[in-house]
Amino acid sequence: MALIALVAITLSLFTGNLLSGAVSEQMLTDQIVADQAGQSNSNDFMFSSELEYNGYAKNPSHEDLVETYQVPLNMRIVLLFYLIGLGTVCVSTLIPILYTTRLNPKKILM
């Protein structure tokens, strides 16, 4: 069970990270394109916040936004995933084992 759990956690951790990175980058790209299309279509100039009105607005580039939203897998996160995953597997395996060992075989057969 532990070996299967280790393989499953490893596969899910790295494939999940790759998929979430691709999905978030695509969503960010779509949002940037939609914002640029909305800005070019509007003829009246409106400020969305007090900071923009005072000249503090910043328009970051696409690369800056993608870099900001990247969540790297560091050793602490990986260890936390393994500890939580293996702990869950251990608890879910021990509860049925303890229940079965406490049963009286004579009562089960009668």
Side-chain angles (χ1 to χ4, degrees):
M1 294 273 303
L3 182 62
I4 292 171
L6 284 173
V7 170
I9 292 169
T10 303
L11 288 175
S12 65
L13 187 64
F14 292 109
T15 57
N17 189 35
L18 290 175
L19 288 174
S20 67
V23 168
S24 64
E25 185 172 346
Q26 183 62 39
M27 288 175 61
L28 189 59
T29 302
D30 292 344
Q31 183 65 36
I32 289 171
V33 168
D35 286 346
Q36 288 174 349
Q39 287 176 358
S40 64
N41 290 337
S42 65
N43 292 331
D44 52 350
F45 189 75
M46 295 183 66
F47 297 109
S48 63
S49 72
E50 179 96 16
L51 290 175
E52 286 183 5
Y53 179 73
N54 291 327
Y56 290 108
K58 179 183 176 189
N59 294 327
S61 67
H62 175 69
E63 291 81 18
D64 291 338
L65 289 174
V66 170
E67 183 180 318
T68 302
Y69 284 102
Q70 287 180 350
V71 179
L73 285 178
N74 58 20
M75 190 56 87
R76 183 174 182 227
I77 293 173
V78 171
L79 287 176
L80 186 65
F81 268 95
Y82 279 112
L83 287 175
I84 291 172
L86 291 175
T88 304
V89 168
C90 288
V91 168
S92 65
T93 304
L94 285 177
I95 290 174
I97 288 174
L98 290 175
Y99 176 74
T100 306
T101 57
R102 297 183 83 194
L103 291 177
N104 189 352
K106 289 182 183 178
K107 288 184 179 179
I108 295 173
L109 293 175
M110 290 189 161

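Here, residue 1 is the first one in the sequence, and each next residue gets the next number. Since we're looking at a predicted model, the values are computed, not measured.
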Using a side-chain heavy atom cutoff under 4.5 Å and only I, L, V, M, F, W and Y, what cluster partners does L86 have? L6, I9, L13, F14, L73, I77, V78, F81, Y82
For the SG atom of C90 and the CD1 atom of I97, what is their distance to the nearest 0.5 Å? 10.0 Å
Mind checking the CG-CE spacing from L3 to M1? Nearest 0.5 Å is all I need. 11.5 Å
Please go through L80's hydrophobic cluster and name the other residues, only I, L, V, M, F, W, Y counting, with side-chain heavy atoms under 4.5 Å joining them. I84
Check I95, V89, L94 against V91 for a side-chain contact (heavy atoms from CB on, under 4.5 Å) and give me the one that passes. I95
L83 side, atom CG; T88 side, atom OG1 - distance, nearest 0.5 Å: 10.5 Å
With a sphere of 6.0 Å drawn around CD1 of I4, does it hold more than 12 non-hydrogen atoms of other residues, nucleotides or ligands? no
